[in-house]
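A short write-up of the structure that comes next.
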Amino acid sequence: MTAESAAEISTPGSYANHLAFLCMDIGDPQLYERAPAIHRTQARVIEDLLTEAADTGELRAGTDAAALARSVQDRRRGGPDLGARP
């Protein structure tokens, strides 16, 4: 999901298109109503996948899937990576 999302905005033109839709989401009440539902659904899917990965041993036991899912969503939205190391 994240790789596909990044691929969709990998060129200047596609990124400009993404920003135009974002402005429409924010400015149009009907579109804005749907945006939070989409983000909640994406977060739920990411958390489910991370929980499954923890359950099958692909992630460390005790991994906080909800917190990790929030971090993944933040990065997908372009938020800062506060834990980044040089």
I'd like to check the side chain to side chain donor-acceptor pair (under 3.5 Å) partners of E52; sequence neighbours left out, ordered by chain and number. none
What is the minimum heavy-atom distance between Q73 and H39, and which atoms define it? NE2-O, 3.3 Å
Among residues at least two apart in sequence or on other chains, which ones pass side chain to side chain contact (heavy atoms under 4.5 Å, CB included) with R70? A66, A67
Looking only at heavy atoms, what is the nearest atom pair of A43 and A69, with distance? O-CB, 4.2 Å
Side-chain contact, heavy-atom cut-off 4.5 Å: L50 with T63? no
Closer than 3.5 angstrom, by distance alone: can the side chain of T41 be matched with the main-chain N or O of A37 as a donor-acceptor pair? yes
Measuring only between side-chain heavy atoms, which start at C-beta, is T51 closer than 4.5 Å to L59? no
